[in-house]
Amino acid sequence: MLRIPCPFCGPRAEIEFRCGGEAHIRRPADPDALSDAEWADYLFMRGNPKGVHFERWFHAHGCQRWFNLARDTVGDRILAVYAMGAEPPAGLRREAEVRGDD
Amino acid sequence: MTEGVARLAKGGRIDRARPLRFRFAGKLYIGYAGDTLASALLANGIHLVARSFKYHRPRGILTAGAEEPNALLRITRGDGRVDPNTRATTLPLFNDLDAAPQNCRPGLRFDLQAINGLLGPLFPAGFYYKTFMWPASFWKRFYEPRIRAAAGLGEAPRQPDPDRYLHRFAHCEVLIAGGGPAGIAAALAATRAGARVILAEEQPQFGGWLTGEGALRARIDGEAPDAWLEAALAELRAAGNCRLLPRTSVFGCYDHNLVGLLEDVADHKFAPAAGEPRHRLWKVRAARVVIATGMTERPLVFPANDRPGIMMAGAAATYLHRHAVLPGREIVIVTNNDSVYGLAGDFVAAGARVTLADARREIPDSIALPARNRGVELLPGTLPAGSEGRLRVRQIHLRSRDAGTTLPVPRACDLVLVSGGWSPNLALFAQARGELRWDAELAAFRPGPAHWPMCCAGGANGTRRLGEAIADGLRAGAAAAAAAGFEKPAPEPPSVEEGPAWTVEPLWCVPGCSSRERGEAFVDFQHDVTARDLGLALREGYESIEHVKRYTTTGMGTDQGKLGNLNALGIVAGEKGVPVPAVGVTTFRQPWTPVPFGALVGANRGPLFDPVRRTPMHAWAERAGAVFEDVGQWKRARYFPREGEDMQAAVQREAKAVRASCGMLDASTLGKIDIRGPDAAEFLNRVYTNSWAKLAVGACRYGLMLGEDGMVFDDGVTARLGEDHFHMTTTTGGAARVLAWLENWLQTEWPELRVWCTSVTEQWATMTVTGPKAREVLRPLVEDVDLGRDAFPHMTFRSGRVAGVPARIFRISFTGELSFEVNVPAGYGLHVWEALLEAGAPHGLTVYGTETMHLLRAEKGYIIVGQDTDGTVTPFDLGMGWIVSKKKGDFIGRRSLFRSGMRRSDRKQLVGLLTEDPALVLEEGAQIVEDPRQPLPMRMIGHVTSSYRSPNLGRSIALAMVRGGRERSGQRLWVPRLDGPAIPVEVTSPVFYDPEGTRLHV
Ligand SMILES: [Zn+2]
């Protein structure tokens, strides 16, 4: 069970949280402008990287706040937490881009 | 009942003043406080304790610890306290302990199924997989019943568990697994540094090796090791920042240093004291973990190496030195390493004749001479080649290592001690994803880099001498504390006098093991896996060690291969002609030792299994004789039977009363969300399919929420209390889900919207007064609201006082009748409820439950999300296109909803069904077909979602989802059933009662 550093409450056990899947998938501003395939891509397609993964977590049994979290899917180490709407730390983003190719 | 035949007159760490009486296989015996069940059995000359899993071979006590694969017994201590698969080697003896062998019929000495052993060739590796290839019917009728009857270890108890189990959460800087010398040293260093320390030891006493053979083999600071041990434990006990947990097994190391501990609080007694839990399960989050779990001795793999009386040498040392038991008098020790030489002399001193057969040709004099001087017969370059003896070993065959030159020589014996070397105990380290590194000198794996903040110390870290282990522990404890913020140099290690480190020459398997002449050579004792099985798996093409493991089931017993895994790797490496580390290791999984279900469940059973939510009117409903149903965690009154009524009768009466005069329902469980903020209307526009911008203050509107996939997700009525203020209702089961959904969109997608959501479900008590007389019932209690038809029209809301209490009254209806939903602060709920009952009495007000609510809404064709919908249903499928706004712009689910496929006319659509026989009530969930005479499997075109006997229509009614249902209106379809002919039904509109809705607007 992970120990997740909630940016609002501090470190808490994973059972208090709910994972909201991949982060940084913005809802298209004008869904009507999208083809069915593009819409399906937004709706269903998610990355499954080996390495750095940016994901959303919700502190359901705590402060009820959403935040972003970077996790290494290989060893489950938590690399960073950052606010909703913020960009991931630059170093991690570069690492994710490099690893994303394999 | 006499003193055990194999008990020595003096020595050991048992309390001869405290004899304990116990039973084994029905017979009474005597042991002492300080015994384990295994040592007490051995003291009484009992080796044969079990039959093996697959072949039902006689098996004895092999080890003295948690790694025991054979001595698994059923322990009974009164009603309900029956525990299968209990390791005799770790269970402390207590008075009236009753142990029985398992897996044998009719008895241990004569087991009918031992014939499986003779049929060995029929049960090779992969037997179970191979049988699956035979015809399924044969498997089901023939093999499965037989295998189930024959196999399996132990039997689950049949009575409820009478004991209590508790969970405890804890945090510490340094958790140490294992209370031997290294673990104690680590605790000393970390405690002195000021860290919070937990030291867990699975045995009742701390000290590990020092409480057995080690006490004789070394001196610490010029004294017997006991002095150091006692001083160290006294210091730890006094420190205040170190928690000592004896009888506590560290069973799992999980991610982020979550560590699972199983504390035996009362399991070592006949029964827990009043109020005492039997086990306590600890979930410890540790900044650092130190693994000081020592080493485990490996067996040697040679033919017939599994007879009772064949025992691990280190275990025999424990029985001799800790329990004063001499498990045999004619002893042959077979080994490939130095660790048994001292012990061999100890057994001579205790009165046994000892032959030591060492596989190594060259034994240095520094090792050999002291043993010979103590009277040990030493045979270098000698291998075990087989054994004899039906229920106990009576002969061992020895042969020279230079095969072919000599034939095996039988040698009489009553005890064979085996040592194949020692492996660091790295299960916990590897569970926590630590890497293992091969160490050729140890002939075993040592810890490599850790994944989580942890390290190994002492034997687990590969040290072979006491002095090194203590120094390593001190170092590890200081380093762990420092890493957690408690810096202090490691204490100076004590000076230790001891012999040289043992050396070993790996011997994974005695050559010639594949011959069956002298019996099978067992690698995994618990699962009866032999060296031949491993070879067979490889020949059949299983390359990966993980596949070999699953095919042969080696290492898959309750002992998790603690003894056999490395030998299995060595044998596989040998067969493949590669070095051992090239084979790889199988995944180590939690738990290290079995954890009882009771301990995992803890207090979460019975009334504490799940929280119960009750409405403010619950106590009244109980008094009124309500029958309750669970809706999520809520207890809801389902119906209120009168004398002699069953559910059917009560519901028919309640439903009739509502439409004839009036009824009242406790609707407090409805989800309620208070939504405020200047952008609240815009927010609702985005989460509901219809338009909310122009909803007038004081008005209510029904809304459907969709998922982004266009499917119905929840529904409910929302009222506009003010410009910036809404009161949203949700389904009872969907309340939490909807609030989380709203928060998700607000926080992650639309943070610019100024909207705040608050759950107020439990703040309001809600009672629905419904029926043609509803207005008359309510009127005398309402002070400041005009209930008139035009002053307070359908789908509006008013604030006022009801029975003297501030209230929100919603004129909305889920029955199709004139309805008022009265919401009052929860604390006033019962008061208002009782006032309404009184006011309603002259009008025949009838309290009804959820079952009647379901029936009444079905008469009107109102859906229940989750009953009539299932996550694949759109508003169009429900015939609710009217609620989907085409003008307001985007909303959640809109893009998916307007895909062309979503408007196909052959999608399943909501319809009504009327059986041709009005008395027949369809079964909910039943499938619907066009032609009941078509061959199987029939083409199913829909299913029944709701079905009731309607008293107001005088017949049965049903709702269903049917392909292209609306176009089928008037068509005859069929509902097949298993227990009778298919039922003909007619497709109709889903609205059965008052289709014009005139009763709503009175
Ligand atoms: Zn939080």
Side-chain angles (χ1 to χ4, degrees), chain A residues 1-5 7-8 10-44 54-69 71-78 83-86, chain B residues 167 169-171 252-260 283-287 432-435 449-453 590 686 706-711 736-737 739-752 756-759 886 889-902:
Chain A
M1 183 165 58
L2 307 182
R3 184 168 170 269
I4 295 174
F8 308 100
R12 292 287 189 280
E14 186 185 341
I15 43 166
E16 296 184 10
F17 297 84
R18 211 166 63 212
C19 183
E22 190 175 347
H24 307 300
I25 296 174
R26 268 217 83 81
R27 189 170 192 270
D30 181 6
D32 285 345
L34 269 56
S35 68
D36 278 0
E38 287 165 332
W39 180 249
D41 191 53
Y42 156 70
L43 201 50
F44 301 117
F54 303 111
E55 50 202 24
R56 309 176 325 142
W57 284 81
F58 179 52
H59 197 180
H61 302 285
C63 60
Q64 299 258 325
R65 298 289 298 275
W66 283 91
F67 57 92
N68 287 318
L69 179 152
R71 180 174 61 98
D72 180 355
T73 61
V74 176
D76 269 334
R77 287 198 180 91
I78 292 169
M84 234 40 243
Chain B
H167 286 179
F169 293 82
H171 298 264
C253 279
Y254 301 84
D255 283 335
H256 295 199
N257 274 1
L258 178 73
V259 187
K283 299 177 187 181
V284 180
R285 197 68 86 157
R433 313 192 203 200
E435 289 176 34
H451 181 75
W452 299 117
Q590 304 88 355
R686 297 186 192 183
L706 308 186
E708 192 70 291
D709 58 1
M711 304 302 170
R737 196 166 58 231
L739 180 63
W741 176 250
L742 300 179
E743 284 293 342
N744 186 350
W745 288 98
L746 281 174
Q747 289 183 35
T748 71
E749 206 64 48
W750 304 314
E752 71 282 3
W756 292 270
C757 301
T758 310
S759 166
K886 278 102 196 152
D890 196 20
F891 56 84
I892 297 167
R894 181 178 176 280
R895 176 65 183 80
S896 296
L897 196 57
F898 284 97
R899 285 169 56 241
S900 54
M902 299 289 242

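These numbers come from a predicted model, not from an experiment. So that the names make sense, note that chain A is the first sequence line, chain B the second, and so on, each numbered from 1.
- Between chain A and the options B/E743, B/R894, B/Q747, the largest number of non-hydrogen pairs under 4.5 Å is found for B/Q747.
- Interatomic distance, OG1 of B/T748 versus CZ of A/R26, reported as 8.0 Å (0.5 Å rounding).
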Please step through side-chain contact (heavy atoms from CB on, under 4.5 Å) for the pair B/R895 and A/D36, ending with a clear verdict.
CA-CA 9 Å; B/R895 176 65 183 80; A/D36 278 0; 2.8 Å; yes

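- Across all their heavy atoms, B/R285 and A/L2 have their closest contact at NH2-O, 3.1 Å.
- Looking at every heavy atom in both residues, B/H256 comes nearest to A/M1 through CB-O, 4.2 Å.
- Neither the backbone nor the side chain of A/A40 comes within contact range of chain B; no heavy atom of the residue lies under 4.5 Å from a heavy atom of that chain.
- When heavy atoms are compared at a cutoff of 4.5 Å, A/L43 approaches chain B solely by way of its side chain, counted from C-beta outward.
- Listed here is the closest heavy atom pair of B/W452 and A/D76: CH2-O, 3.5 Å.
- Residues B/G893 and A/R27 approach most closely at N-NH2, 4.3 Å, considering heavy atoms.
- Only the side chain of A/R56 comes within contact range of chain B, with heavy atoms under 4.5 Å apart.
- For B/S896, the parts lying near chain A are the backbone and the side chain together; criterion is any non-hydrogen pair under 4.5 Å.
- Between chain A and the residues B/L258, B/D709, B/D255, B/N744, the largest count of heavy-atom pairs under 4.5 Å involves B/N744.
- At a threshold of 4.5 Å between non-hydrogen side-chain atoms, the residues B/E708 and A/Y42 count as touching.
- Only the side chain of A/R18 comes within contact range of chain B, judged by heavy atoms closer than 4.5 Å.
- The part of A/W39 that comes within reach of chain B is its side chain, from C-beta onward, which places non-hydrogen atoms under 4.5 angstrom from that chain.
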